[in-house]
Amino acid sequence: MLFNSIDFAVFLPIVFVLYWFVTQKNLKYQNILIVVASYVFYGWWDYRFLALIVFSTLVDFSIGKLLKTETQPSKRKWLLWISIAVNIGFLGFFKYYNFFIDNFTSVFTFFGQEIKSNTLDIILPVGISFYTFQTLSYTIDVYKKKLEPTNDIVAFAAFVSFFPQLVAGPIERATNLLPQFFKQRQFEYNTAVDGLRQILWGLTKKVVIADNCATYANMIFDNHASYSGSTLFVGAVFFAFQIYGDFSGYSDIAIGTSRLFGFNLKQNFAFPYFSRDIAEFWRRWHISLSTWFRDYLYIPLGGSRGSKVLQIRNVFVIFVISGFWHGANWTFIVWGLLNALYFLPVFLLKKNRIHTDIVAQNRLLPSFKEFVLMLVTFILTVLAWVFFRAKNITEAFDYLNLMANKSLFTLPEIRPLYLMIFISFFLVIEWSGRRQLYAIERLWLSYPRVLRWIIYLIMVVLIFLYGGKEQEFIYFQF
């Protein structure tokens with residue numbers, strides 16, 4: 001079920017009414033409703049894969065209870081590895097089986113040894129990379145004794161399958177989301193209104209910005225041999241705004257929807273295209289995944305401790321695995337490697353923590369230096385997105401090679417005026433709201449109510465006018 005679909009527009013009010021008007025006085029019934037609603041939401045895509053979520057839920061719930069009573073370190077470690085093996089095993093099979101088989105065969109073929117191998121027609125379960133990491137955070141935190149294991153299977157199932165963020169995040173930690181299922185929740189009008197405002201902004205980013213950018217990005221990438229270097233650069237820029245509007249838009253809708261039901265999810269994007277270096281970009285892009293890898297992989301590997309060689313190894317490991325998490329294709333691995341190379345200079349010069357504040361914190365506009373740093377960081381990010389978007393490595397290098405010639409400095413063949421206007425207004429709004437959790441959180445609140453509602457109405461009209469056909473969110477494939 002897509003957030004930008006009629007199905008969800010019918011589904012959400014029904015669940016909302018049942019939640020607050022039928023089960024309001026009973027926390028257990030509210031949690032049961034969330035589980036049922038979440039399974040319906042997920043099963044709307046393909047009910048057969050509900051078995052994976054249920055199995056993963058039962059495994060980690062059981063292991064959590066066993067970890068509570070087990071005192072021997074060796075047995076506790078075995079229990080942890082069982083959880084990791086089950087979850088990563090499912091993820092590895094559905095997402096990476098054919099990738100490894102194809103590459104295994106290619107290696108033997110390269111050395112002149114032909115072998116027969118069979119790939120499988122595997123359907124990738126929507127959101128498996130997200131809920132796998134979410135439930136793993138529970139087991140790991142229980143193992144490290146950072147979290148008390150729960151005895152409430154319903155609350156745990158609701159945590160694993162919570163429908164607003166089930167299929168594309170944010171990847172919530174058990175320490176943040178799970179305790180909220182044990183607290184009595186009361187409807188708060190102002191919180192709900194704020195949630196609706198964030199949903200509206202998320203839909204605007206997805207439907208008005210991302211989906212319209214997708215039209216031209218797809219056109220240019222699919223026919224890149226026919227266009228000038230400047231047009232190819234424009235296509236990469238359109239994809240940069242597509243993936244940001246698409247993914248951050250989903251996160252805004254997820255967070256806003258959660259607030260309608262009395263839950264608080266963590267911020268997943270913090271205006272990353274206003275970053276002044278790559279380190280800052282990765283503190284602001286897909287925050288829930290970046291911090292997950294930091295806490296559960298980078299720090300256990302040694303982080304920034306140890307020799308320079310080990311520190312560099314840890315940087316490359318984290319970026320390569322992050323790239324591979326996104327998909328079973330060498331393009332994602334190269335994308336991760338490229339970001340590691342971007343990150344390495346600021347890391348080695350110990351300048352990766354110099355931009356922890358908000359750019360132009362107490363000023364209307366950035367300084368010239370800040371503007372240049374943001375522009376350079378954005379261009380580097382755009383070039384890396386070419387590998388993310390390309391179908392294969394050959395296409396990515398071909399795209400960049402065709403871009404890097406004198407035609408780069410000519411007028412692009414494709415320059416949709418309406419979309420450029422939309423992106424310009426979008427950037428102005430994002431810049432104005434960069435100090436908030438989302439751009440329009442407090443923007444326009446000082447305006448008269450009539451004027452404020454006119455602005456919201458314009459956004460709604462744009463969503464309907466430029467919505468076009470329903471398009472899946474990019475991160476559904478991950």
- Query: Does any N or O in the side chain of Arg294 come within less than 3.5 Å of the main-chain N or O of Leu289, such that one atom is a donor and the other an acceptor?
  - Reply: no
- Donor-acceptor pair, Thr204 side chain versus Met459 backbone, under 3.5 Å? no
- Query: Gln198 side chain to Gly195 main-chain N or O, any donor-acceptor pair under 3.5 Å?
  - Reply: no
Check residues 394-403 and write down every donor-acceptor pair under 3.5 Å in which the side-chain atom is one partner and the other belongs to a residue at least two apart or another chain.
from: Glu395; atom 1: OE2; to: Lys391; atom 2: N; distance (Å): 3.4
from: Asp398; atom 1: OD2; to: His224; atom 2: NE2; distance (Å): 2.9
from: Tyr399; atom 1: OH; to: Leu232; atom 2: O; distance (Å): 2.5

- Message: Could you tell me if Asp60 and Asn87 have a donor-acceptor pair between their side chains, going purely by distance under 3.5 Å?
- Response: yes
- Query: OG1/Thr132 to CD1/Ile88 distance, rounded to the nearest 0.5 angstrom?
  - Reply: 6.5 Å
- Check against ring pair (Phe, Tyr, Trp, His ring centres under 6.0 Å), Phe332 and Phe387: CA-CA 7 Å; Phe332 296 115; Phe387 288 93; over 10 Å; no
- Taking it one step at a time, do Trp325 and Phe130 satisfy ring pair (Phe, Tyr, Trp, His ring centres under 6.0 Å)? CA-CA 10 Å; Trp325 176 90; Phe130 291 89; 5.1 Å; yes
- Message: For Phe388 and Trp335, take the angle between the two ring planes, folded into 0 to 90°, and tell me which bin it lands in: parallel under 30, tilted 30 to 60, perpendicular over 60.
- Response: perpendicular
- Message: Do Phe422 and Leu462 have side chains that approach each other closer than 4.5 Å (heavy atoms only, starting at C-beta)?
- Response: yes
- Can you tell me how far the CG atom of Asp252 sits from the CZ atom of Phe247, to the nearest 0.5 Å? 11.0 Å
- Task: Side-chain contact test, heavy atoms from C-beta onward, threshold under 4.5 Å: evaluate it for Ile153 versus Leu58 and give yes or no.
- Result: yes
- Strictly under 6.0 Å, is that where the ring centroids of Trp201 and Trp444 end up? no
- Message: Testing the basics here: between Val382 and Ala240, what is the closest heavy-atom pair and its distance to 0.1 Å?
- Response: CG2-CB, 4.0 Å
- Message: Can you tell me how far apart OH (Tyr39) and CD1 (Ile53) are? Round to the nearest 0.5 Å.
- Response: 7.0 Å
- Task: Would you please say whether a donor-acceptor pair under 3.5 Å links the side chains of Asn176 and Glu172?
- Result: yes
- Note on the structure: What one should report as the nearest heavy-atom pair of Thr135 and Ser56 is CG2-OG, 3.5 Å
- Sequence-distant partners of Phe425, ring pair (Phe, Tyr, Trp, His ring centres under 6.0 Å), two or more places apart: none
- Quick one: side chain to side chain contact (heavy atoms under 4.5 Å, CB included) partners of Ser228, sequence neighbours excluded? Ser230, Thr231, Ser407, Thr410, Glu413
- The side-chain hydrogen bond (donor to acceptor under 3.5 Å, both in side chains) partners of Thr257 (sequence neighbours excluded) come to none
- Are Lys205 and Asp211 within salt-bridge range, i.e. N to O under 4.0 Å? no
- Query: Is the Phe239 to Tyr244 ring centre distance short of 6.0 Å?
  - Reply: no
- Item | Asn212 and Tyr418 side chains, donor-acceptor separation under 3.5 Å | yes
- Message: Ring centres under 6.0 Å, that's the criterion: do Trp282 and Phe343 meet it?
- Response: no
- Task: Mind checking the CH2-CG spacing from Trp45 to Leu50? Nearest 0.5 Å is all I need.
- Result: 9.5 Å
- Item | Test of ring centre spacing under 6.0 Å for Phe281 and Phe378 | no
- Task: Look at the aromatic rings of Phe41 and Phe163 and report parallel, tilted or perpendicular, splitting at 30° and 60°.
- Result: tilted
Return all side-chain donor-acceptor pairs below 3.5 angstrom for residues 448-457, not counting sequence neighbours, or 'none' if the list is empty.
from: Arg452; atom 1: NH1; to: Leu445; atom 2: O; distance (Å): 3.4
from: Arg452; atom 1: NH1; to: Tyr447; atom 2: O; distance (Å): 3.0
from: Tyr456; atom 1: OH; to: Arg197; atom 2: NE; distance (Å): 3.1

- Task: Could I get the full list of side-chain hydrogen bond (donor to acceptor under 3.5 Å, both in side chains) partners for Trp292, not counting sequence neighbours?
- Result: none
- Task: Evaluate side-chain hydrogen bond (donor to acceptor under 3.5 Å, both in side chains) for Lys266 paired with Ser288, printing each intermediate quantity in order.
- Result: CA-CA 8 Å; Lys266 292 189 175 181; Ser288 63; over 6 Å; no
- Query: Are the side chain of Arg435 and the backbone N or O of Gln361 linked by a donor-acceptor pair below 3.5 Å?
  - Reply: yes
- Report the distance from atom CD of Gln180 to atom OG of Ser258, rounding to the nearest 0.5 Å. 8.5 Å
- Hey, what do you get for CG (Asn268) to OG1 (Thr291), rounding to the nearest 0.5 Å? 8.0 Å
- Query: Listed by chain and number, what are the side-chain hydrogen bond (donor to acceptor under 3.5 Å, both in side chains) partners of Asp295, not counting sequence neighbours?
  - Reply: Arg173
- Task: Report the C-alpha separation of Tyr42 and Tyr47 in whole Å, then their side-chain angles, then the decisive distance to 0.1 Å, and conclude whether the ring pair (Phe, Tyr, Trp, His ring centres under 6.0 Å) test is met.
- Result: CA-CA 7 Å; Tyr42 191 83; Tyr47 67 89; over 10 Å; no
- Which residues satisfy the salt bridge (Lys or Arg N to Asp or Glu O under 4.0 Å) test with Asp141, sequence neighbours excluded? none
- Query: Below 4.5 Å, heavy atoms only, C-beta onward: do Thr356 and Arg283 meet side chain to side chain?
  - Reply: yes
- Parallel, tilted or perpendicular: which describes the rings of Phe156 and Tyr138, with under 30° parallel and over 60° perpendicular? tilted
- Val386 and Ala236: which non-hydrogen atoms are nearest, and at how many Å? CG2-CB, 4.0 Å
- Task: Give a yes or no on this: more than 12 heavy atoms of other residues, nucleotides or ligands lie within 6.0 Å of atom CZ of Arg363.
- Result: yes
Which side-chain N or O atoms in residues 9-19 pair as donor and acceptor under 3.5 Å with protein atoms at least two apart or in another chain?
from: Tyr19; atom 1: OH; to: Arg185; atom 2: NE; distance (Å): 2.4
from: Tyr19; atom 1: OH; to: Arg185; atom 2: NH2; distance (Å): 3.4
from: Tyr19; atom 1: OH; to: Phe261; atom 2: O; distance (Å): 2.9

- Query: Is the distance between the ring centroids of Tyr438 and Phe269 less than 6.0 Å?
  - Reply: no
- Task: Tell me whether the guanidinium CZ or amine NZ of Arg389 lies under 6.0 angstrom from the six-membered ring centre of Trp385 and within 45° of its axis.
- Result: no
- What residues form a salt bridge (Lys or Arg N to Asp or Glu O under 4.0 Å) with Arg284, not counting sequence neighbours? Glu280
- Flag side-chain contact, heavy atom, 4.5 Å: Tyr273 against Met374: no
- Taking only residues two or more places apart in sequence or in another chain, which ones pass side-chain hydrogen bond (donor to acceptor under 3.5 Å, both in side chains) with Ser161? none
- Message: Under a 3.5 Å cutoff, is there a donor and acceptor pairing between the side chains of Asn329 and Thr331?
- Response: yes
- Message: Looking only at the aromatic ring of each residue, does the gap between the centers of Phe133 and Tyr296 stay below 6.0 angstrom?
- Response: no
- Task: Kindly determine whether Phe55 and Phe90 satisfy ring pair (Phe, Tyr, Trp, His ring centres under 6.0 Å), including the steps that lead there.
- Result: CA-CA 10 Å; Phe55 185 75; Phe90 277 135; 5.7 Å; yes
- Message: Going by the rule side chain to side chain contact (heavy atoms under 4.5 Å, CB included), which residues pair with Ile32 if we only count those two or more places apart in sequence or in a different chain?
- Response: Lys28, Tyr29, Val36, Val154
